[in-house]
Amino acid sequence: MNDTATLRGDYRNIGPDYAVWQDWDAYTPEQHALYRRLYERQSALVPRLACPEFISALARLNAGAGIPRFDEVSKDLKAATGWVIVPVPGLVPDEVFFEHLANRRFPVTVWLRTPEEFDYIVEPDVFHDFFGHVPLLFDQHYADHMQEYGKGGLKALRLGGLKFLARLYWYTIEFGLTNTPAGVRAYGAGLLSSGGELSYAVESPQPARRPFELMTVMRSSYRIDAYQDQYFVIDGFAHLLRETAPDFTPLYAQLVAEQGGANA
Ligand code: PHE
Ligand code: CO
């Protein structure tokens with residue numbers, strides 16, 4: 001999926017697992033200030049629009065002063081749920097990504113968007129990866145789910161099911177909504193890190209909000225360059241874990257028969 005030659009980011013010093021050193025001292029004051037502005041905008045939206053697990057994890061993280069030091073956050077995260085952050089130059093090959101997740105390591109991009117990209121960015125940067133994904137790794141259910149997802153990814157690669165598993169990832173981990181006692185709220189990282197799509201997804205009358213149904217999700221293609229026209233709503237992380245726990249082998253076989261494979 002990812003031809004690293006065409007990707008944004010510096011891939012010259014990667015290890016075999018694509019890990020790099022987070023050269024924290026190399027971030028400029030302007031970059032920290034830009035990160036802070038992104039953080040302030042998003043954290044102001046969170047009380048109204050994010051799921052409760054994200055709200056409490058974000059408060060506990062207290063990482064709004066600038067681009068976080070991954071090694072410090074990893075210490076807390078390791079103690080909480082056994083996860084660590086792995087600094088990466090940008091997108092990594094699918095197999096590398098899944099291998100990290102399967103071992104409770106979350107890859108986080110080291111570079112930050114430019115000021116011109118304040119409102120919208122297609123490729124994940126450090127703000128998306130950190131603000132969107134890391135807080136929920138403090139939640140036990142979510143943390144376990146991400147590891148299962150990683151193992152499931154390695155399996156999907158073997159079975160030609162990646163296209164379908166990628167849709168599940170998209171509509172849950174990136175753009176998922178959940179029912180809460182207070183109403184529908186966001187837990188997907190693509191929403192939580194987005195200035196515009198977060199309130200659109202939760203509050204706008206425009207998009208469809210459909211109850212999560214595994215096969216429907218895996219049959220639904222998506223766009224990466226526009227707000228979604230549909231979202232899928234889970235009933236909490238325990239529900240998501242239950243729904244994704246069964247063996248996907250026969251499901252992939254059925255989907256490939258219907259729609260053609262495979263790993264693209
Ligand atoms: N249960 C899936 C399988 O058997 C793996 C999986 C778990 C996928 C959790 C996504 C989330 O392939
Ligand atoms: Co993401």
Side-chain angles (χ1 to χ4, degrees), residues 1-2 7-9 38 42 54 83 85-86 88 90-92 94-113 120-137 139-176 186-194 197-198 201 212-218 222 224-225 228 232 234 236-256 261-263:
M1 172 167 94
N2 305 318
L7 291 174
R8 185 162 166 184
L38 287 160
Q42 288 316 111
F54 184 85
W83 278 77
I85 294 169
V86 178
V88 289
L91 292 168
V92 302
D94 298 313
E95 192 176 3
V96 173
F97 182 66
F98 294 138
E99 191 68 46
H100 279 305
L101 297 187
N103 290 285
R104 290 176 107 85
R105 299 187 299 253
F106 196 82
V108 175
T109 301
V110 293
W111 59 264
L112 180 67
R113 70 191 67 187
Y120 197 80
I121 184 166
V122 174
E123 257 182 284
D125 72 338
V126 58
F127 184 74
H128 165 80
D129 279 347
F130 191 91
F131 187 94
H133 288 283
V134 172
L136 283 174
L137 291 171
D139 180 85
Q140 203 64 58
H141 282 305
Y142 184 92
D144 291 346
H145 177 69
M146 280 302 276
Q147 179 174 26
E148 288 311 308
Y149 192 93
K151 293 191 224 162
L154 295 169
K155 179 168 152 188
L157 285 173
R158 290 194 303 272
L159 297 173
L162 186 62
K163 174 165 115 189
F164 308 108
L165 190 68
R167 291 172 176 173
L168 177 62
Y169 190 88
W170 187 264
Y171 285 112
T172 58
I173 303 302
E174 293 295 353
F175 291 93
Y187 71 93
L191 297 176
L192 293 164
S193 65
S194 164
E197 191 165 357
L198 179 51
F212 179 89
E213 199 281 311
L214 183 60
M215 283 298 270
T216 305
V217 170
M218 291 203 284
Y222 58 85
I224 66 161
D225 59 350
Q228 304 302 302
F232 291 93
I234 61 168
F237 296 136
H239 171 233
L240 182 60
L241 260 109
R242 224 166 36 242
E243 291 299 307
T244 53
D247 181 5
F248 283 13
T249 308
L251 307 185
Y252 292 146
Q254 190 183 333
L255 289 161
V256 169
N263 292 336

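Side-chain atoms are counted along with the backbone in the values below, which use heavy atoms only and exclude waters and symmetry mates. Numbering of ligands and ligand atoms starts at 1, following listing order.
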His133-Phe106 aromatic ring centre distance below 6.0 Å | yes
Can you find a non-hydrogen atom of Leu165 under 4.0 Å from ligand 1?
-> yes
Under 4.0 Å from any heavy atom of Asp247, which atoms of ligand 1 are there?
-> 4 (O)
Please calculate the NE2(His133)-the Co ion (ligand 2)-OE1(Glu174) angle and round it to 10 degrees.
-> 100°
So among Tyr169, Tyr171, Phe212, which one has a ring pair (Phe, Tyr, Trp, His ring centres under 6.0 Å) with Phe232?
-> Tyr171
Which residue and heavy atom of the protein sit nearest atom 10 (C) of ligand 1, plus the separation = Tyr149 CD1, 3.5 Å
Going by the atom numbers of ligand 1, which of them fall below 4.0 Å from some non-hydrogen atom of Glu148?
-> 6 (C), 7 (C), 9 (C)
Sub-4.0 Å atoms of ligand 1 with respect to non-hydrogen atoms of Ala245 | 1 (N)
Taking the side chain as every heavy atom from C-beta outward, state whether Trp170 and Val217 have any pair of such atoms under 4.5 Å apart.
-> no
Within the distance-only criterion (no hydrogens, no angle test), does the side chain of Tyr187 pair as donor or acceptor with the backbone N or O of Gly236 below 3.5 angstrom?
-> no
His128/Ile121 under side-chain contact (heavy atoms from CB on, under 4.5 Å): CA gap, chis, key distance, verdict = CA-CA 9 Å; His128 165 80; Ile121 184 166; 5.6 Å; no
Out of Gly153, Gly152, Pro246, indicate the one that has the non-hydrogen atom closest to atom 5 (C) of ligand 1.
-> Gly152
Where do Asp129 and Pro124 come nearest, in terms of heavy atoms and distance?
-> OD1-CB, 3.5 Å
Which of the numbered atoms in ligand 1 are below 4.0 angstrom from a heavy atom of Thr244?
-> 1 (N), 2 (C), 6 (C), 7 (C), 9 (C), 11 (C)
Should one rank Arg158, His145, Lys155 by closest heavy-atom distance to atom 12 (O) of ligand 1, which comes out on top?
-> Lys155
Salt bridge (Lys or Arg N to Asp or Glu O under 4.0 Å) evaluation trace for Lys155 with Asp247 = CA-CA 10 Å; Lys155 179 168 152 188; Asp247 181 5; 2.7 Å; yes
